[in-house]
Amino acid sequence: SIGAEGIANNVIRRNDVGLRFSGDCTPNPLRITSSDLYDNTSFELREESSVPVITTDCYWGDPTSTELNQNQLNLSRIFDQRDSGAYGLVTIQNPRVTPSGQIVGSPPTITQQPQPQTVVAGNPASFLVAAAGTTPFRYQWRKDNNPISGATNATLVLLNVQTGDAGGYAVIVSNSAGTATSSNATLTVTPAIGNLAIRTITSGGSTFPVLLAVSTPVGSDVNFVEEALPVGFTPSGVSGSGTFNFSTRKILWGPLMGNQTHQLTYTLQPPGGFQGSASVSGTAYLAGTAVAVTGDDMVSMIPSGTPATLGLSQMFGFWTISIAGEVGRSYRLEARDNLNSGTWQSLATLIITQNPRLYFDGDVVGRAQRFYRAVLVE
C-alpha cells in the first residue's frame, strides 16, 4: 500500500519498468506528483491494478514528451486499460517537458536548421539538423506538428516524394538536460512533367531527319535531353550544343534555358545495307527527374512489297480490322486516337497467311475515334 499522498518528488529512470502497479492497490485513486519518469527501457509506468492513477506535474522524457505536445490521450510507453479493460486508467495532468531532478550537462541548441526545398514528384527529399550540447541526442521529426513514425535520426530522408508529402518539417532534439525544437522547413512538391520532349521522325530516303520539340517550364534552367541511337546508326547535323558520344551511342543537349520551346534536330544515318526496323529512345531531365521522350520512335527501311489494305467490319457485334497484303510478309498494325497529336502505338505484328487477315482491337471500346495503319516490316 502507498500513503494517502501517493508518490511524490522521485526520479525514476534507466530501469526496465519505471513504476508498476498491480493487484488491489490503495489509495483509490493512486497519485504520482512532481516526479521524473524517463529513460526506462520497456515502460515508464505499467498500470495493472484495478484503480485509476492520476499523475500531476511529472516529466516523461522523449518521445513521450512529443506525444504530450500533440495532445494525445495516452502515452505509448504507459500500459493501462487502453491496452486491457481490466486495468485502471492513467490520467496525465500538467506534464512537464523538462526534468526537475539533477541535470548533468547542457541542453541542446540548434546550430543548423533544416532548410526549405522544392522537388519534383517522384524524387527524394532530405532534411538535416545539427545541434550542440551534451550528447547523446535524441531526435523526433514532425510534419505539420505531427510525429513521423521511425524518423529519429539527425537526417530525415523521404523517398519518392509525392504531392501529399508537401508541408512543414521540424525536429525536436533532446538529451538528458532538455529539449530544443528546430524551425519549420517547408517542402514544396511540384507535379511530374509529362511530354517534356516530343520526337518527330520523317523519312529522307536513305536517312531519317529527327526533330525534338522540348518545352522547359518556367524557372527550370538546368535541363538536359539525351537520345540513344540504335546499334550501327550515326547522327549528322546535330543542332545547337548537342554532342554525340560514340562509345555510349548517345546525343546530349543542355543545359537548356527555361520558359522556352527548343527545336533540337539531327539526321539519323543507318548502317550500310540496313533493312528492317530499329527503335530510338530518349530521356529529358528536369531538376533531376527523368521523363521519357514521347512521339515517333521507329525507323524502317523495308524492301519493296505490296502495301496493305485495311478495312473495318463487324463480327459478333464488335469492330474488327481486316488486313489484306502480300502473303508471307509481315505487317505491323498500329493505332492512334488523334491524327493531329499523340503517337502511333503498336498493336501487333501479323504475318499474312491468307487475305484478309483479321484482328480485334479490344482497346477500341469507349473511344470516340480510332485510326489504324499497317507498316510492312519484312
Side-chain angles (χ1 to χ4, degrees), residues 193-216 222-257 260-286 289-308 325-326 329-351 371-378:
I193 306 295
N195 290 331
L196 190 62
I198 302 175
R199 183 192 305 106
T200 302
I201 301 176
T202 56
S203 177
S206 60
T207 60
F208 300 90
V210 181
L211 168 66
L212 294 172
V214 183
S215 300
T216 54
V222 182
N223 300 278
F224 296 86
V225 176
E226 185 179 71
E227 283 276 87
L229 307 188
V231 175
F233 284 68
T234 57
S236 63
V238 178
S239 66
S241 61
T243 57
F244 178 62
N245 187 317
F246 284 90
S247 62
T248 62
R249 313 204 56 74
K250 293 181 179 180
I251 308 172
L252 180 66
W253 289 271
L256 306 176
M257 297 299 293
Q260 297 181 26
T261 298
H262 301 269
Q263 303 287 331
L264 310 178
T265 60
Y266 66 97
T267 298
L268 194 58
Q269 308 276 347
F274 172 77
Q275 290 186 347
S277 299
S279 61
V280 182
S281 63
T283 306
Y285 297 93
L286 170 65
T289 297
V291 180
V293 175
T294 60
D296 298 334
D297 62 357
M298 296 292 296
V299 294
S300 299
M301 296 187 71
I302 307 299
S304 60
T306 303
E326 185 176 340
R329 304 297 291 271
S330 295
Y331 296 83
R332 185 174 64 252
L333 181 63
E334 300 178 343
R336 66 195 295 179
D337 295 335
N338 192 325
L339 288 178
N340 297 318
S341 64
T343 60
W344 288 101
Q345 303 294 323
S346 177
L347 299 179
T349 298
L350 305 173
I351 300 176
F371 300 90
Y372 298 91
R373 73 179 182 185
V375 179
L376 182 65
V377 293
E378 66 175 35

Shortest non-hydrogen contact from Thr261 toward Ser215: OG1-OG, 3.5 Å
Distance, nearest 0.5 Å, that separates CG of Asp337 from CH2 of Trp344: 10.0 Å
Heavy-atom side-chain contact between Leu268 and Tyr266 under 4.5 Å: yes
Partners meeting side chain to side chain donor-acceptor pair (under 3.5 Å) with Arg373 (sequence neighbours left out): Glu334
Separation of Ser281 OG from Leu229 CG (nearest 0.5 Å): 8.5 Å
Leu212 vs Trp253 side-chain heavy atoms within contact, under 4.5 Å: yes
pair Leu264-Val225: side-chain heavy atoms closer than 4.5 Å: yes
Distance-only donor-acceptor pairs under 3.5 Å for side chains of residues 231-242, two or more places apart:
from   : atom 1 : to     : atom 2 : distance (Å)
Ser236 : OG     : Gln269 : NE2    : 2.9
Ser239 : OG     : Thr265 : N      : 2.9
Ser239 : OG     : Thr265 : O      : 3.4

Spatial distance of atom OG1 (Thr343) from atom CG (Asp297) [nearest 0.5 Å]: 7.5 Å
Closest non-hydrogen atom pair between Pro255 and Phe224, with its separation: N-CE2, 3.6 Å
Minimum heavy-atom distance Val293-Ala284, with the two atoms named: CG2-N, 4.2 Å
Taking every non-hydrogen atom, the tightest pair across Gly342 and Arg336: O-NH2, 2.7 Å
OG1-CZ distance between Thr200 and Phe208, expressed to the nearest 0.5 angstrom: 14.5 Å
Qualifying salt bridge (Lys or Arg N to Asp or Glu O under 4.0 Å) pairs with a residue from residues 227-239, counting only residues at least two apart or across chains: Arg199-Glu227
Minimum heavy-atom distance Ser330-Leu376, with the two atoms named: O-CD1, 3.5 Å
From CD1 (Ile251) to CZ (Phe244), nearest 0.5 Å: 6.5 Å
